[in-house]
Each structure stands twice: as structure tokens, then as C-alpha cells.
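Notes to accompany the following structure.
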Amino acid sequence: MKSTRRLLPLVLSFPLAVFASAAHAVQPECSDSRTVEFTAEAHRAAANNLAIADLYAEQSGNNLATVSQQVNSSIAAALETARAYNDVKIQSAGTSTSPVYSKDGSKLESWRIRAQLRLETQNIAAMSELLGKLQTTLAVSQISMQPAADTRRQAVDGATVDAIHAFEQRAELIASTLNKHYRIRHLNITENGFRPVQMLRAPMKAEFSSAPAAPAPLESGESMVGVTLSGRIELID
């Protein structure tokens, strides 16, 4: 029994010694004093090969049923015309009905109905021709040009490669100036937004005429897409 009592303290102290050694061996992965954070940017031009147009039919009158019929007839005629253009996607963008009151707000004087359509296509020539026809009965509220999804993605991919190369070049410059080598510790890539080219902001009223419809002038141009790459490098000997 005496020998057992002598060994017990040694057995209990052994795990503590191992834990202390393990804790002493843990070291930080890298020191903040040896890291550098910076950013690199790159941009690529993307062709505005997607045209988007918003059009609407609007009528006002005392008889709600009559006004509704007028608007519906205009929209139905526009849809019939647009169906001949297979490359143009057309969809309803909503209909709103609003009461119009007298100036003192005491009397309902008339009704106003507005129905909207949206056109989208990568066939710019078809869009131009179709808009020329629809503007004889519908008003155009906005036309914008922007890169199609696949076109924008290709430009972003190219800008990403450029940004990575720019980051590597700057990292090499920093490290070589300090007579060090480096390794990348963290990278974060952010795609910068782009602003579509607005061809028309103010509403364009429909012009009723018996003359042949003239194509609407559209200029595609380009949009710049960008990528920002932020990261941290560790300087090593």
C-alpha cells in the first residue's frame, strides 16, 4: 500500500507536463508584422449587345369599361405586331388603374389606365424596326443598352485574370523591394457593377400617323465591367 501511495502523484502529474509542453509548442501561423494587405483592379469592355425597351399604352376617360377596352386593344395590337419578330422577347410589365378626382378631391371625375410592355433582344436591328412600328400606338418610357449575361461574364472572367496578374506583380514588387519572398494568405474577388447605357429616359409619346413607321435609332456601344481583388501576403525570408 505504501508503494502505491508514492506512485500516485507521479501518475497524476504526467498529463499536466504533456499539456504544458504542447501549449508551449503552439505558435501563431504568421505574424501581423510580416503581412501586407493591398488591392488590385482590372477592367474590360463588354459590348452592349442586349437592348431593353419599356413601352406603355395609357388612356383616360369617364367610362372605366371603355378606357379599359381602348388600352387592351392597343396592347393586343402591339403583341400581334411583336409576334412577327421571333428574336424579340416581349412580356407584360403590369397594368395600373387610377381614379382621377376633382381638384378639391370631392368628386371622381375620370379613370386612368396604363398597361406596360417590355421588349428584350440581342437583335438590335429587329428591335429598332419593331420600336418604329410600335411607337405609332404606344409610348416609349425607356430604352437601355447593356451586355448580355454571357457577354458580361466573359468580360468579367477576363478582368479577373488581369486583376490576379496585377496582384501578383504588386506582391512581387513589395517582396523584392524588401529582399523577401512571399506567399498569399488571403484573396477576395469582387465584381464591380456596371451602369446600362440609357438611350431614353423621358417618356416618348406615341405619334399617330399614316406614314410608314421609321426604325428607331439605336447605338449599342460598350460598357466597362471591373473586378477588384483584395488580399494579404506574408513576407518570408
Apply the test side-chain contact (heavy atoms from CB on, under 4.5 Å) to residues Q70 and T66: give CA-CA distance (whole Å), side-chain angles for both, the deciding distance (0.1 Å), then the verdict.
-> CA-CA 6 Å; Q70 291 172 341; T66 301; 3.9 Å; yes

Can you check whether V36 reaches Y182 side chain to side chain, under 4.5 Å on heavy atoms?
-> no

Looking at L130, L117, T121, which one forms a side-chain contact (heavy atoms from CB on, under 4.5 Å) with I90?
-> L117

Do the side chain of S102 and the main chain of K107 share a donor and acceptor less than 3.5 angstrom apart?
-> yes

side-chain hydrogen bond (donor to acceptor under 3.5 Å, both in side chains) against T177, all qualifying residues, sequence neighbours excluded = none

Can you measure from OG1 (T136) to CG (L134) and round to the nearest 0.5 angstrom?
-> 7.0 Å

Got L119 and L131 here, is their nearest side-chain heavy-atom distance under 4.5 Å?
-> yes

Give a yes or no on this: more than 12 heavy atoms of other residues, nucleotides or ligands lie within 6.0 Å of atom CD of Q69.
-> no

For the pair E129 and V88, evaluate side-chain contact (heavy atoms from CB on, under 4.5 Å) and give the outcome as yes or no after the intermediate values.
-> CA-CA 11 Å; E129 182 178 306; V88 180; over 6 Å; no

The ring pair (Phe, Tyr, Trp, His ring centres under 6.0 Å) partners of Y85 (sequence neighbours excluded) come to none

Under 3.5 Å, side chain of S68 to main-chain N/O of L64, donor-acceptor pair present?
-> no

Between CG of N188 and OG1 of T39, what distance do you get to the nearest 0.5 Å?
-> 11.0 Å

S73 side chain reached by Q59 side chain, heavy atoms, under 4.5 Å = no

Contact check, side chains of S98 and W111, non-hydrogen atoms, under 4.5 Å = no

Does the side chain of Q146 come within less than 4.5 Å of L50's, by heavy atoms?
-> yes

Which heavy atom in R232 sits nearest to a heavy atom in F167, and how many Å separate them?
-> N-CZ, 4.2 Å

For T95 and A115, work out which heavy atoms get closest and say how close.
-> OG1-CB, 3.6 Å

Report yes if some heavy atom in the side chain of D237 is under 4.5 Å from a heavy atom in the side chain of K180; otherwise report no.
-> yes

Hydrophobic cluster identity match, I113 and V100, side-chain contacts under 4.5 Å | no

side-chain contact (heavy atoms from CB on, under 4.5 Å) evaluation trace for R118 with I52 = CA-CA 7 Å; R118 167 161 286 199; I52 301 175; 3.8 Å; yes

With sequence neighbours excluded, residues passing salt bridge (charged side-chain N to carboxylate O under 4.0 Å, His left out) with R170 | none

Quick one: does L235's side chain get under 4.5 Å of I233's, heavy atoms only?
-> yes

Side chain of S128, backbone of L218: donor and acceptor closer than 3.5 Å?
-> no

Heavy-atom distance under 4.5 Å between the side chains of R153 and E191, does that happen here?
-> yes

Do you see a donor-acceptor pair shorter than 3.5 Å between the side chains of S220 and N49?
-> no

